[in-house]
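We use all heavy atoms of the structure for the numbers below, so side chains are in, but hydrogens, waters and symmetry mates are not. We count residues from 1, following the sequence as given.
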Amino acid sequence: MADLPLNSSNDFSSKSSQEMPSLEALWMPFTANRQFKANPRLLAKAEGMYYKDIDGNKILDATAGLWCCNAGHGRKEISEAVSKQIHEMDYAPSFQMGHPIAFELAERLVELSPEGLNKVFFTNSGSESVDTALKMALCYHRANGQASRTRFIGREMGYHGVGFGGISVGGLSNNRKAFNGQLLQGIDHLPHTLDIQNAAFTRGLSHLGAEKAEVLEQLVTLHGAENIAAVIVEPMSGSAGVILPPQGYLKRLREITKKHGILLIFDEVITAFGRVGAAFASQRWGVIPDMITTAKAINNGAIPMGAVFVQDFIHDTCMQGPAELIEFFHGYTYSGHPVAAAAALATLSIYENEQLFERSLELEHYFEDAVHSLKGLPNVIDIRNTGLVAGIQFAPNAQGAGKRGYGVFEHCFRHGTLVRATGDIIAISPPLIVDKREIDQMVNSLSDAINAVG
């Protein structure tokens with residue numbers, strides 16, 4: 001494939017700095033605020049594969065922002081679509097009203113979705129998508145005459161956003177423990193699929209571990225299928241550090257849930273829109289769930305937006321009662337926001353015109369070889385990869401868990417590469433426009449950082 005055209009401008013290529021703003025008023029999310037404000041990292045501009053910080057230094061983006069900017073930064077197609085839409089109509093309500101662009105976007109999205117997932121409900125984030133899907137599961141079972149199905153099953157080390165529903169089914173302890181007394185009741189968790197002892201440095205999906213799906217049968221026996229509404233898992237656990245499903249694992253979950261009438265929800269907020277080599281991970285790995293939650297790359301991170309993809313039978317079952325009554329008491333002020341939808345339509349066109357989902361798959365083996373070249377460096381205990389995403393895990397150092405991972409992250413940034421630290425795991429997930437030279441640059445930056453941090 002020929003090199004993809006990137007936006008360029010004298011303004012971005014020239015080195016210019018901005019004044020440091022006051023940092024006092026902002027309480028930052030998922031950030032050690034005092035540590036950050038003592039040594040801030042502020043991004044000021046973005047174009048193509050690069051950010052530029054406030055001092056004018058170029059930073060290679062090895063994270064697609066936060067798993068969002070799959071088409072790269074500064075895409076004029078998106079900014080022009082947003083500008084046009086905001087001039088024509090900045091906002092329209094979605095309760096008992098509509099606007100054409102939301103319906104157009106829904107039609108475009110279902111053209112990409114796995115078979116049967118032909119209905120779309122718009123949200124504004126992955127967290128909202130998850131809580132929406134959980135509510136839809138309850139709505140469906142009640143409408144289907146099985147109101148006793150209220151229990152949800154998540155998975156250890158799963159991340160499903162920060163709503164009370166999402167952290168309840170999620171399995172990251174730091175996200176849960178401060179709010180434990182107010183989490184949803186009736187939640188169980190499957191075991192995670194990370195197996196460093198037996199499957200470290202696996203390239204792609206491991207052939208070990210599919211049997212972990214059988215725990216679902218034990219939970220069905222314990223609680224009764226008639227009481228379980230849905231199972232929710234990420235096909236690939238991204239925020240926990242790129243934890244991949246063993247071969248056959250997702251298929252077995254699908255078989256068990258279908259056998260017992262339990263809905264299967266895939267959280268694809270990270271994996272959807274090309275990250276693992278197809279529009280959806282469910283397509284890459286050949287397993288069709290009942291619902292898919294998305295956000296992030298749906299519009300290249302340009303404006304907050306998410307969407308839940310729903311099987312026809314769920315939607316149709318909920319469409320009961322008199323036609324003038326609301327079937328599903330749920331929604332958001334900004335569901336299907338016209339400007340966010342315009343950004344999404346432009347983004348989908350970029351994905352299609354530049355064949356970025358296919359590009360992710362084409363570069364997979366080169367990317368895999370590059371990241372696995374880090375094996376053998378100090379304290380690297382595992383490397384995991386699929387598509388254009390990888391996790392590099394380190395042994396914790398004597399100062400405590402997470403110190404080594406943060407040190408690698410900080411070194412990379414100060415030397416011109418943005419990676420993501422999750423404890424002692426570094427994740428890289430570059431925009432899908434990345435080329436081989438930039439992959440090499442990312443891995444070389446990581447190599448230097450790992451050797452420097454030790």
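- Judged purely by distance below 3.5 Å, without hydrogens or angles, the side chains of D267 and T293 pair a donor atom with an acceptor atom.
- Listed for the S83 side chain is no donor-acceptor partner under 3.5 Å among the backbone atoms of S79.
- At distances below 3.5 Å, at least one donor-acceptor pair connects side-chain atoms of S127 with backbone N or O atoms of V162.
- At distances below 3.5 Å, at least one donor-acceptor pair connects side-chain atoms of D131 with backbone N or O atoms of G166.
- Inter-residue side-chain proximity for L253 and L190 is flagged as met; some heavy-atom pair is nearer than 4.5 Å.
- Under a cut-off of 6.0 angstrom, the local environment of NE2 in H223 is crowded, with over 12 non-hydrogen atoms contributed by other residues, nucleotides or ligands.
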What do the steps show when you test K212 against E156 for salt bridge (charged side-chain N to carboxylate O under 4.0 Å, His left out), and what is the final call? CA-CA 12 Å; K212 291 185 176 182; E156 296 170 348; over 6 Å; no
Please report the C-alpha distance between V242 and I425 in whole Å, then the side-chain angles of each, then the deciding distance to 0.1 Å, and finally whether the side-chain contact (heavy atoms from CB on, under 4.5 Å) criterion is met. CA-CA 9 Å; V242 188; I425 302 169; 5.9 Å; no
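- Under the 3.5 Å distance criterion, the side-chain polar atoms of E128 are matched with a main-chain donor or acceptor of N124.
- Within the 4.5 Å cutoff, the side chain of V308 has no heavy atoms near those of the I265 side chain.
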Which atom pairs, one a donor and one an acceptor, fall under 3.5 Å between side chains of residues 309-316 and the rest of the protein, sequence neighbours left out?
from	atom 1	to	atom 2	distance (Å)
Q311	NE2	P289	O	3.1
D312	OD1	K119	NZ	3.1
D312	OD2	N118	ND2	2.8

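- Using a 4.5 Å heavy-atom threshold, the side chains of S206 and L244 count as separate.
- Taking the side chain as every heavy atom from C-beta outward, L117 and I288 approach each other to under 4.5 Å.
- Within 6.0 Å of atom CZ in F95, more than 12 heavy atoms from other residues, nucleotides or ligands are found, so the atom counts as buried in its surroundings.
- R176 contributes a side-chain N or O that, together with a main-chain N or O of I167, makes up a donor-acceptor pair within less than 3.5 Å.
- The side chain to side chain contact (heavy atoms under 4.5 Å, CB included) test with I256 singles out one residue from L216, V231, V215, L219, and that residue is L216.
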Stepwise side-chain contact (heavy atoms from CB on, under 4.5 Å) test for Q96 and I326: CA-CA 9 Å; Q96 303 288 7; I326 296 171; 4.0 Å; yes
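- The CG atom of L134 sits 9.5 Å away from atom NE2 of H330, with the distance rounded to the nearest 0.5 Å.
- Surrounding CZ of R108 are more than 12 heavy atoms belonging to other residues, nucleotides or ligands, all under 6.0 Å away.
- The local environment of CD in E324 is crowded, with over 12 non-hydrogen atoms from other residues, nucleotides or ligands closer than 6.0 Å.
- The distance from the CG atom of L264 to the CZ atom of R254 is 4.5 Å, given to the nearest 0.5 Å.
- Annotation for E226: atom CD counts as buried by contact number, over 12 foreign heavy atoms lying within 6.0 Å.
- By the 30° and 60° cut-offs, the orientation of the rings of F409 relative to Y406 is tilted.
- With rounding to the nearest 0.5 Å, the separation of CG in D188 from CZ in R155 is 15.0 Å.
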Set out, in order, the CA-CA distance, both residues' side-chain angles and the distance that settles side-chain contact (heavy atoms from CB on, under 4.5 Å) for Q85 and L345, then state yes or no. CA-CA 11 Å; Q85 180 58 46; L345 285 169; over 6 Å; no
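- Between Q185 and T150 the shortest side-chain heavy-atom distance does not fall below 4.5 Å.
- With values rounded to the nearest 0.5 angstrom, M49 atom CE is found 10.5 Å from L418 atom CG.
- Nearest heavy-atom pair across Y51 and A46 is CD2-CB, 3.6 Å.
- Put simply, the side chain of H189 never gets that close to the backbone of G158: no donor and acceptor are under 3.5 Å apart.
- The side-chain hydrogen bond (donor to acceptor under 3.5 Å, both in side chains) search around T422 returns R420, not counting sequence neighbours.
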Under the salt bridge (charged side-chain N to carboxylate O under 4.0 Å, His left out) criterion, do E255 and R252 qualify, and how do the steps go? CA-CA 5 Å; E255 292 170 348; R252 185 62 185 136; 3.1 Å; yes
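- R384 contributes a side-chain N or O that, together with a main-chain N or O of G241, makes up a donor-acceptor pair within less than 3.5 Å.
- No donor-acceptor pair closer than 3.5 Å links the side chain of T417 to the backbone N or O of F413.
- Under 3.5 Å, the side chains of H372 and N385 contain a donor-acceptor pair of N or O atoms.
- Residue Y91 qualifies as enclosed at atom OH: its count of foreign heavy atoms under 6.0 Å is above 12.
- Across G405 and D424, no two heavy atoms sit closer than the pair N-OD1, 2.9 Å.
- No more than 12 heavy-atom neighbours from other residues, nucleotides or ligands sit within 6.0 angstrom of OH on Y334.
- Note that CG of L356 and CG of L348 are 11.5 Å apart. Values are rounded to the nearest 0.5 Å.
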List the steps and the verdict of side-chain contact (heavy atoms from CB on, under 4.5 Å) for I433 and R75. CA-CA 12 Å; I433 63 170; R75 299 304 302 247; 4.1 Å; yes
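- By the side-chain hydrogen bond (donor to acceptor under 3.5 Å, both in side chains) test, K259 is found to be paired with E217, residues two or more places apart in sequence or in another chain being considered.
- Side chains of S173 and N175: no donor on one and acceptor on the other come within 3.5 Å.
- The shortest non-hydrogen separation linking S282 to P114 is OG-CG, 3.2 Å.
- Residue pairs meeting the ring pair (Phe, Tyr, Trp, His ring centres under 6.0 Å) criterion with at least one member in residues 231-254: none, sequence neighbours excluded.
- Under 4.0 Å is where a charged nitrogen must lie from a carboxylate oxygen, and between K258 and D290 no such pair does.
- Ring-plane geometry between F357 and Y351 is classed as tilted, the angle between the planes lying from 30 to 60 degrees on a 0 to 90 degree scale.
- Of all heavy-atom pairs spanning A143 and T317, the tightest one is CB-O, 3.5 Å.
- A pairwise comparison of heavy atoms in W67 and S239 identifies CZ2-N, 4.5 Å as the closest pair.
- Put simply, the side chain of F280 does not reach to within 4.5 Å of the side chain of F266, judged on heavy atoms.
- The two residues A279 and Q283 come nearest to each other via the heavy atoms CB-OE1, 3.3 Å.
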For residues 269-277, which side-chain donor-acceptor pairs fall under 3.5 Å, sequence neighbours excluded?
from	atom 1	to	atom 2	distance (Å)
T271	OG1	E268	OE1	2.8
R275	NH1	L388	O	2.7
R275	NH1	P430	O	2.8
R275	NH2	N70	OD1	2.8
R275	NH2	S429	O	3.4
R275	NH2	P430	O	3.0

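- The distance from atom CG of L263 to atom CE of M291, rounded to the nearest 0.5 Å, is 5.0 Å.
- With sequence neighbours left out, K403 forms a side-chain hydrogen bond (donor to acceptor under 3.5 Å, both in side chains) with no residue at all.
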